[in-house]
2 protein chains.
Amino acid sequence: MVRFSDPRFARKSGVQDMPEQMTTARALKAAVSHGNGLLEKLLDALHPDVTERLLSQATLHDVAVGDTLIERGARSEDVGYVLDGTLAMVQVLEDGKKHIVGLLVPTDIYGRLFDGPSNYRIEALSAARILSFPRAFFEQVLRDNPEAERLFLVHLLDEVDAAREWLLLISGRRAVNRVASFLSILQRRTRFKRTGDHAVVHVPLSRKDLAQYLGARPETLSRAFHELEDMGVLRIVDPHHFRIIDEQALIAASGDDLTLQDG
Amino acid sequence: MVRFSDPRFARKSGVQDMPEQMTTARALKAAVSHGNGLLEKLLDALHPDVTERLLSQATLHDVAVGDTLIERGARSEDVGYVLDGTLAMVQVLEDGKKHIVGLLVPTDIYGRLFDGPSNYRIEALSAARILSFPRAFFEQVLRDNPEAERLFLVHLLDEVDAAREWLLLISGRRAVNRVASFLSILQRRTRFKRTGDHAVVHVPLSRKDLAQYLGARPETLSRAFHELEDMGVLRIVDPHHFRIIDEQALIAASGDDLTLQDG
DNA sequence: CGCTGTCGTTGACAACGATCAATGTCCGCT
DNA sequence: AGCGGACATTGATCGTTGTCAACGACAGCG
């Protein structure tokens, strides 16, 4: 695993020299509070002093595309909170094939607490900004604050549900459905730009990665996107940006009107 | 939701009059200790007195095929521990279609703690035996015993991983692969009979339900099962029982040698 | 006992997606 | 600028699966 403090990592990935470490807790708290993510809830539940101490241990990191944050099988020393960008949880098979099993977008937390090594590699799909906490300290805070720990637990319950619901979405349906589902979920999970009055969704995956994620081939995805464009549902701005023209039609195209909750 | 104490439920489902409620805690503990499930770990972590009190509140229930234990959207008053049989977590869509999103086999726990209503219906796929705890009391025990709560939390982490790994298995592969995966996972998760020296796996789902679960059609499954039989991997005893002839070949047929951990 | 509905299976066919191949574009590199 | 490589797209073909239909086995029921 390549740790943040590893100079090779800094060189390769363009991690900056982190003057941000000196940033005040207040400023960090402001950076965190842009959503209703888990971390924000945790901080709200904690005594202000604890919040202060936790944030004083946090460091900001800028990571570049392709950086590996946690290697599969490694025991991560950090817990990360995504501020900006997109990370992926990647399952690496013996034959070297990669398979994306989950996405991490702003307000998501990664890093396995109280437990063994990570089962996945965490990899940056786009340039990203991460708030990183020492795992041991984070765990201790949870241990000392049952309220917070319970919030974490409920969050995990939600994640289990989200994983199952995702399963439902990608299983046994047409490629167009899955692509439409993916786009409308992504639209809800990420902050997106609005131009005119149509949302532009940013897809930070290459066609190949997205294909792995959705259980299809790049060619099939290409056809699905263009089918949706022909239907007037969206417009392909570039291979990674899609302007949603008809949000209702997009939802309809995802199959039933089955929709995912956040998570 | 139909609660256990509801006489309509008892009539419809054949729930017995529960003389088992009087069973001693010791006997219950013996019933629980047939695996290394979560509940067993929890009980081990608790002070014997607490264990005793918790088990004194537990009740045994026999449920019949098709019984609904928790309705979607309902707040369950119980936490259930599966002793025998198979339950399913069922997502019910607006158009009435059902979709199985997860199976519960012996040593699994269901019932949402610390949180809102269940997102799924819990339904018995076969006759089953359930150990049921009052949810509020169970929660209180966890609240009072951080050690136990942490066990529960780690268990949830595993569930999230299992859900993601399952996703990996069913996404984008041939029907035969999915069927083979399903069988070998089921073989490991359930206690199965051995006849001669070949394991006989019991599949408690109808072809239709299994099709929904695996993202395929009943016809396709039928062909997949018979393809595996032609390959000499297994023998179809009856539509719900399969004798595994060549375990290695089964694993090979599940695609890569990708195998699931328990969960 | 025969009727009816459900279930598992099989066959024929069509639709969908995977595969193979070719093209164009963009980007980094020298 | 020129080159090579990665990426997205498109077309053609083939394999797998969904769909439609029919059949036998079986259980529940009048």
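Sequence lines set the chain letters: A, B, ... in the order given, protein chains first and strands last, and positions in each chain run from 1.
Checked against D:dT17, C:dT10, C:dA18, the side chain of B:His226 finds its nearest nucleotide in C:dT10. In this structure, of C:dT19, C:dC16, D:dT16, it is D:dT16 that holds the atom nearest to the side chain of B:Arg174. Distances were taken from every side-chain heavy atom of A:Glu219 (C-beta onward) to each of D:dT17, C:dC20, C:dA18; the shortest belongs to C:dC20. In the set C:dG8, D:dG18, D:dA8, the nucleotide with an atom closest to the side chain of B:Arg207 is C:dG8. Closest to the B:Ser222 side chain, of the nucleotides C:dC16, C:dT19, C:dT10, is C:dT10.
Per the geometry, CZ belonging to A:Phe225 stands 13 Å off P belonging to D:dT10, to the nearest Å. Rounding to whole angstrom units, CD of residue A:Gln212 and P of C:dA18 are separated by 13 Å. Between the CG atom of B:Leu205 and the P atom of C:dG8 there is a distance of 10 Å, rounded to whole Å. One atom, CD of A:Glu229, and another, P of D:dA8, lie 16 Å apart when rounded to the nearest Å. Whole-Å rounding puts the A:Lys208 NZ to D:dG5 P distance at 15 Å. B:Arg217 places its CZ atom 16 Å from the C1' atom of D:dA21, with the value rounded to the nearest Å. Summarising the geometry, the separation between CG on B:Leu221 and C1' on D:dT16 is reported as 14 Å, rounded to the nearest angstrom. We find that NE2 of A:His240 is positioned 17 Å from P of C:dT25, with the value rounded to whole Å.
A:Arg223 contributes a side-chain N or O that forms a donor-acceptor pair with the base of D:dG11 under 3.5 Å.
Just one residue in the list A:Asp67, A:Ile70, A:Ile130 forms a side chain to side chain contact (heavy atoms under 4.5 Å, CB included) with A:Leu87, and that residue is A:Ile130.
With B:Arg178 contributing its side chain and B:Gly215 its backbone, the two residues share a donor-acceptor pair below 3.5 Å.
Salt bridge annotation for B:Arg243-B:Glu229: absent, with no cationic side-chain nitrogen under 4.0 angstrom from a carboxylate oxygen. Between A:Glu123 and A:Arg121, at least one side-chain N (NZ, or NE/NH1/NH2) sits under 4.0 Å from a carboxylate O, which counts as a salt bridge.
With 3.5 Å as the limit, one finds a donor-acceptor pair spanning the side chains of A:Arg72 and A:Gln91.
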